[in-house]
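Down below is the structure, laid out as C-alpha cells.
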Protein chains: 2
Amino acid sequence: MGRRRTVSAGEPLIWEDDDSLLVANVIEGVLKLTTSTADGREQIVGVAYPSDFIGRPFGQTSAASVVALTDARVCVFARNDFDRFAREHPELEHKLLERTLAELDRTRAWMMLLGRKSAPEKIATFLLDMSERLADNGCVHQPGAQSGPARQFTLPFSRQQVADLLGLTIETVSRQFTKLKADGVVALPGRRDVEILNRGALMALAG
Amino acid sequence: MGRRRTVSAGEPLIWEDDDSLLVANVIEGVLKLTTSTADGREQIVGVAYPSDFIGRPFGQTSAASVVALTDARVCVFARNDFDRFAREHPELEHKLLERTLAELDRTRAWMMLLGRKSAPEKIATFLLDMSERLADNGCVHQPGAQSGPARQFTLPFSRQQVADLLGLTIETVSRQFTKLKADGVVALPGRRDVEILNRGALMALAG
DNA sequence: CGAACCCTTGAATCCTTTCAAATGGTGTGG
DNA sequence: CCACACCATTTGAAAGGATTCAAGGGTTCG
C-alpha cells in the first residue's frame, strides 16, 4: 500500500497550506517541518528522524512544509487511503496517538526555549538535545556499546537552519558557537561536526 | 466514571513533572498549561477552553502544569482508568487523536510567533487569535447571531499571563497595548476588556 | 584556478528588557 | 461614605543583548 520514495537534500516533500494529500514514514535521513511568514521569515517547527511519522492525517491541509535536510528515504501513503486504513485498525491509531502526544510534549518544551531562553541558553539546549536525538538513530560517529547521549556527532543542519530552529539569526548562532569553542566547552572539527568536551558546563548553560 | 470538580481561579490542577495521575475534560472556564525553568521563568504552552481535553494519557509524567485562569469546572478521570477505557473504545481514541493533531498544529503556529515575530506582531496576532477563540465559547460579551470573530471580548489573562504566552515582559505588553489604543486600533474599556476598532490594521500588524 | 556558497567577524543600531517610580483601580475597615 | 492600603498596570530612563549591515575568510566544486 505504501510507496517507497527518495527525497534528496533540500527537496520538498510537502508544502505548507497545500492540500494534505500524503502522509509518510521516514525510513532513512532527516527532514525539517517549517512554517513561514509572508515576508519570508522561517521557523523550523519540527524535525523528523527515521521511524518518525510525517504529514497531517484527518485534516484538509497541512500546517507545515516538509523538506529533506539530508538525502532521505520515506514510505509515502495517499492520505485518503491512510485515513481509511487507520480507522479500520485501532492498533495503528493508538500508535499514532502515542507518537503525536510525545511530539506535542517535545514541541511544548521547545516553546519554552523559543519564548524564554537567551541565545547562549538556546545553543546549549540545542546541542544537548541533538546529542540525545542523534544517539538513537545510528547517526553517531562513535560506535559505542550503550546508547547514551552522543559525545561527538554531525549536525544535519546548516548554520541558517540552526538559526531557524532556535529563533535566532545566523550571525548570533555563529558567534555563540565560536564562544563555546573558545571556552573549551565544545570542539568543532568540521562545519557540522560537534564534540562535547564539557557536558556539565553545557548543562549549566542550558538554563 | 468521571468525577466533576471545580477549580477556582489561580488553583492548580496538575503539576509539571508530577506523575500523570489524572486527565480531564474542561466543562466551563479557561485553564493555562505552563512550563517553567529552574529560575522561575514561565512560558504558557497551551490554553484549554470548554470541551478541551487536558492531561497526558499513556505517559508517566505530564510535561506541563495546568492552572485555572478563571473559576472552572472540569470532569476528571484517573489516568489509569482512562487509558484502559480508551484502548477499549477506538472511537474515543480517534476523537482524541484528532484533537491532539489539531492542538499540535496550533502549537506549531505559535512557535512561529515565539521564534520569529516582533513584539507588535505578537500582540496583534494574539488579539486576533483571542477574538476567534473566544467567539466559539460563549465567552463573548456581544450576543450576535453568527459566530464570526468577536469584535469585543474579555481576556481571561492578566498582563503578566499575556507576557508568558507571548514570550515578552509585562512592561512590553503594556506598552504595546497602549500604543494600539493610541493609534485607534483597539479600545480598552477595562483592564481585561478589548474592543477591536480596526481589524484590518491589526491583521496588517500581525505579520 | 576561480566562482559560489557558507560561515565568521566587526561595528553600529535598534528593540526589548531591566530597574525604578508613579498611577489607578479595588476592596477593606474605620 | 470616605480614607487608606494593596495590587495590577502604566510610564520613564537606562542598559543590554540580538539584529542588521558590511566585509572578510575558508571550502567545495566545476
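Quick note: numbers below take in every heavy atom, side chains included, and nothing from hydrogens, waters or symmetry partners.
Using a 4.5 Å heavy-atom cutoff, the side chains of B/V45 and B/T107 are not in contact. Looking at heavy atoms from C-beta onward, A/F58 lies in side-chain contact with A/E93 at the 4.5 angstrom threshold.
Judged by distance alone with a 3.5 Å cut-off, no donor-acceptor contact links the side chain of B/Q160 to the base of D/dC7. Under 3.5 Å, the side chain of B/R41 and the base of C/dT17 form no donor-acceptor pair of N or O atoms.
For the residue pair B/T154 and B/D193, a side-chain donor N or O sits within less than 3.5 Å of a side-chain acceptor on the partner.
Residue-level contact check: B/G167 touches the backbone only, with heavy atoms under 4.0 Å from sugar-phosphate atoms and none from bases.
Rounded to whole Å, atom C1' of C/dC7 lies 17 Å from atom CZ of A/F157. Residue B/K179 contributes atom NZ, which lies 12 Å from atom P of C/dT16 at whole-angstrom precision. Per the geometry, CG belonging to A/D39 stands 15 Å off P belonging to D/dT19, to the nearest Å. Regarding A/R159, its CZ atom lies at a distance of 13 Å from the P atom of D/dT27, rounded to whole Å. When the P atom of D/dT9 is taken as reference, atom CG of B/D193 falls 12 Å away, rounded to whole Å. Taking atom CG of B/L114 as the reference point, atom P of D/dA18 lies 16 Å away to the nearest angstrom. Here the P atom of nucleotide D/dG17 and the CD atom of A/Q176 are 11 Å apart, to the nearest Å. We find that CG of B/L168 is positioned 14 Å from P of D/dT10, with the value rounded to whole Å.
The side chain of B/I170 has D/dT10 as its nearest neighbour among C/dT16, D/dT10, D/dA18. Of the candidate nucleotides D/dT9, C/dC7, D/dA18, D/dA18 has the atom lying nearest to any side-chain atom of A/P120. When the nucleotides D/dT20, C/dC19, D/dT19 are ranked by their closest atom to the side chain of B/E171, C/dC19 comes out on top.
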Handout entry: B/S118/B/Q176 under side-chain contact (heavy atoms from CB on, under 4.5 Å): CA gap, chis, key distance, verdict
Key = CA-CA 11 Å; B/S118 67; B/Q176 296 299 330; over 6 Å; no

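The phosphate of C/dG25 has neither OP1 nor OP2 within less than 4.0 Å of any side-chain N or O from B/R191. Phosphate proximity of C/dT17 to B/T169: present, with a side-chain N or O under 4.0 Å from OP1 or OP2. Not one side-chain nitrogen or oxygen of A/R175 sits closer than 4.0 Å to the OP1 or OP2 atom of D/dA18. Not one side-chain nitrogen or oxygen of B/S118 sits closer than 4.0 Å to the OP1 or OP2 atom of C/dC15. A close approach under 4.0 Å does occur between a side-chain nitrogen or oxygen of A/T172 and OP1 or OP2 of D/dT19.
The shortest non-hydrogen separation linking A/V30 to A/V47 is CG1-CG1, 3.5 Å.
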